[in-house]
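Here the structure comes first, spelled out in structure tokens, and everything after it is commentary.
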Amino acid sequence: MAVHDNLVLHIGEDKFYIEARDQGTKEVLVIDRLSQEIVLESSGIQIPTVTAVQPICGVIGTINLLAGHYLVIITKKRKVGEIKGETIWKITSTEIIPYRKTLLHLSEIQQRHNRVYEGMIQQVLDMNCYYFSTTYDLTHTLQRLYNTSPEFSQMALHERADQRFVWNCHLLRELSAQPEVSRFILPVMCGFVSVKVGLINSKRFEHILVSRRSCFRAGTRFYMRGLDDQGHAANFVETEQIIQHSGNLASFVQTRGSIPLFWTQRPNIKYKPTPQISKSQNHLDAFHRHIDSLVVSYGMHVLINLIDHKGAEKLLEDRFAKTVYDSKNEQIRYESFDFHHECRKMQWHRLSILTEKLSKEQEQFGYFMVSSSNELLKHQIGVFRTNCIDCLDRTNVVQSLLARRSLYEQMQFFGILKPGERIEEHQFDSSFNNVWADNADECSKQYAGTGALKTDFTRTGKRTKFGLLKDGFNSAVRYYKNNFSDGTRQDAIDLFLGNYIVEDNEGITFPSPLEQQRDVKYLLLPLICVIAFSMTLISVLMPPGMFYSVLMQTFC
């Protein structure tokens with residue numbers, strides 16, 4: 001069941017009227033701003049005089065803050081492309097509209113805290129990584145959709161969506177309680193979507209990449225690591241590469257996720273805080289829950305671990321290997337590859353050692369493929385789950401190599417590539433590299449706050465001096481954000497996802513978490529860093545004698 005895609009919001013003194021203007025419908029969603037009651041007028045109503053009227057692209061949902069309820073809407077969107085003829089949109093602008101018209105019912109402190117909460121919700125909405133479709137289930141892979149029943153396709157989009165990837169699930173809770181309003185309920189996915197047209201040997205095709213970020217154990221780099229008790233992994237992302245050609249479809253799915261153990265790496269001003277493995281929690285039980293759910297969803301697994309075999313990461317590598325061995329799960333195989341050691345001194349060709357080790361399983365796992373007549377040609381029976389310490393930079397490189405090999409086989413099967421031809425021989429190779437590098441950057445921004453490292457290799461197939469300089473800059477920005485702003489960003493994500501619920505009497509009968517004081521070193525260090533950087537810059541630009549004179553005049 002499709003969601004309405006032509007909507008107009010009428011803002012009245014006492015009610016919101018969301019009017020569907022799709023052809024053949026007269027539905028109006030009425031939300032009472034005082035009682036929060038939601039009513040569907042299926043035959044249309046005479047909308048009274050209102051204070052404002054604006055077209056909107058969709059309803060993200062509602063959320064309760066100190067001031068009361070808020071309506072969250074999509075005000076602008078951009079077309080990304082089409083999958084199976086269905087349009088995929090990216091959200092480019094949103095708005096948060098309060099139900100109440102004044103804040104007089106709040107104390108001065110509560111008003112200040114409410115503004116903070118509003119800013120936190122807007123911060124999450126401004127991440128520039130949200131996608132939706134009113135007609136296509138973007139949260140499922142092509143293979144999962146193919147294997148569903150006819151009854152499944154008749155369900156409302158939000159009911160049949162994979163809940164791991166519905167980022168506005170918490171905001172939809174009130175609307176979801178009323179099945180009759182399902183055509184106004186829009187599931188929103190966080191991640192990355194790219195649809196590019198390719199041309200090889202005069203044969204046109206679409207190269208599509210979809211990365212779906214899980215909303216379970218979601219968060220920021222140093223604040224969200226490892227597993228939770230339910231077996232959900234931090235930074236879990238499902239990535240699907242799709243080829244559309246003359247009605248034929250092919251899909252190759254991979255996943256990434258934090259090392260599936262109980263471990264933390266909280267920021268402590270150091271560039272790389274030492275990972276801490278829990279000594280009290282049952283790693284094997286949580287590992288079983290995590291792997292069992294993956295096997296149900298994807299089939300057999302190769303767990304590719306790219307972390308260092310020495311230093312601080314070695315403890316994690318040893319414990320991960322032991323946990324896999326102790327699990328005695330015949331559906332998984334563990335492949336450990338010390339990326340930094342093997343590729344030291346720019347020896348990136350040595351990645352072929354890893355891809356050769358994985359070649360047998362990649363052939364065995366295969367990929368999903370259907371013909372233009374919807375006949376099943378191939379089925380993917382297993383996936384590669386890749387991780388490094390962050391599941392970002394090293395992971396991106398390896399995933400793109402596996403995707404390239406799968407793409408080559410699919411293009412050979414479709415006859416896009418002639419026998420003996422390689423993707424690298426065609427201009428499309430640059431598009432493929434850039435799409436995977438863009439995917440790497442977006443996944444990195446969502447988790448670490450900056451673009452990915454090592455994307456020069458993904459874009460060009462080799463490491464460059466400019467790429468090293470860019471990595472240095474991104475590493476410095478990561479250090480600052482991870483230590484001084486990611487705590488607030490983690491709180492914002494938790495608020496948006498419903499991991500923290502704002503109570504109406506917060507700040508009155510019990511203290512608000514916003515009243516907690518931060519350690520003075522976290523407040524002063526950013527200022528110290530700015531001063532130190534400024535002094536370094538001045539000392540470089542000014543002659544030594546002049547710098548000394550200015551310094552003496554300033555402080556003496």
Side-chain angles (χ1 to χ4, degrees), residues 139-141 144 161-167 169-170 189-191 211-240 253-266 275-307 315-336 365 381-392 395 399 443 446-447 490 493-494 497-500:
T139 65
H140 284 294
T141 64
R144 285 200 297 267
D162 189 328
Q163 295 303 303
R164 295 177 299 170
F165 308 123
V166 181
W167 265 64
C169 186
H170 172 61
M189 186 199 81
C190 174
S211 282
R212 307 172 176 98
R213 176 171 295 280
S214 175
C215 59
F216 299 139
R217 197 157 176 77
T220 59
R221 185 186 180 206
F222 284 150
Y223 284 89
M224 203 56 66
R225 297 292 210 191
L227 297 178
D228 61 16
D229 291 332
Q230 288 72 46
H232 300 307
N235 197 21
F236 183 84
V237 180
E238 172 190 273
T239 298
E240 179 181 23
V253 175
Q254 304 179 70
T255 66
R256 73 178 73 190
S258 189
I259 295 171
L261 304 169
F262 289 115
W263 64 285
T264 58
Q265 196 178 16
R266 285 304 179 99
Q276 303 293 327
I277 301 176
S278 173
K279 297 179 180 179
S280 59
Q281 294 169 286
N282 191 320
H283 296 273
L284 190 57
D285 279 355
F287 180 82
H288 276 306
R289 292 190 190 96
H290 179 65
I291 295 300
D292 288 348
S293 68
L294 293 184
V295 170
V296 169
S297 297
Y298 304 104
M300 295 183 289
H301 270 70
V302 173
L303 310 180
I304 307 172
N305 186 10
L306 304 174
I307 64 175
L315 291 176
L316 282 170
E317 200 283 325
D318 291 344
R319 188 60 179 266
F320 191 1
K322 182 179 185 303
T323 304
V324 173
Y325 177 80
D326 291 344
S327 72
K328 295 179 171 55
N329 190 327
E330 296 182 355
Q331 296 295 309
I332 61 176
R333 182 176 78 80
Y334 180 70
E335 182 65 53
S336 185
F365 292 168
I381 63 171
V383 304
F384 297 99
R385 182 199 189 276
T386 308
N387 74 263
C388 46
I389 196 73
D390 297 320
C391 307
L392 295 176
T395 296
Q399 284 198 335
C443 289
Q446 294 156 24
Y447 189 56
Q490 180 67 56
I493 292 172
D494 285 336
L497 295 178
N499 298 327
Y500 177 77

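Start at 1 with the first residue, then count along the sequence.
Checked for salt-bridge contact, Glu238 and Arg144 meet the test: a charged N lies under 4.0 Å from a carboxylate O.
Among residues two or more places apart in sequence or in another chain, the side-chain contact (heavy atoms from CB on, under 4.5 Å) test is passed with His232 by Phe216, Arg217, Asp228, Gln230. Every residue two or more places apart in sequence or in another chain was checked for a ring pair (Phe, Tyr, Trp, His ring centres under 6.0 Å) with His170, and none qualifies. Contacts of Arg213 classified as salt bridge (Lys or Arg N to Asp or Glu O under 4.0 Å), with partners at least two apart in sequence or in another chain: none.
For the atom pair CZ (Arg333) and CZ (Phe384), the distance works out to 8.0 Å, reported to the nearest 0.5 Å. Atom-to-atom distance recorded for Asp326:CG and His288:NE2 is 8.5 Å, nearest 0.5 angstrom. Separation of atoms CG (Asn235) and OG (Ser214) is listed at 10.0 Å; rounding is to 0.5 Å. In this structure, CG in Asp162 is found 5.5 Å from OG1 in Thr139, a value given to the nearest 0.5 Å.
Proximity of Leu294 to Ile332: side-chain heavy atoms (C-beta onward) are nowhere separated by under 4.5 Å. Within the 4.5 Å cutoff, no side-chain heavy atoms of Asp285 are placed close to those of Asp229. The shortest distance between side-chain heavy atoms of Ser280 and Phe262 does not fall below 4.5 Å.
Side-chain N or O atoms of Arg385 include one that pairs as donor or acceptor with a backbone N or O of Gly257 at under 3.5 Å.
The aromatic rings of Phe320 and Tyr334 stand perpendicular to each other, their planes meeting at an angle above 60°, with 30° marking the opposite boundary.
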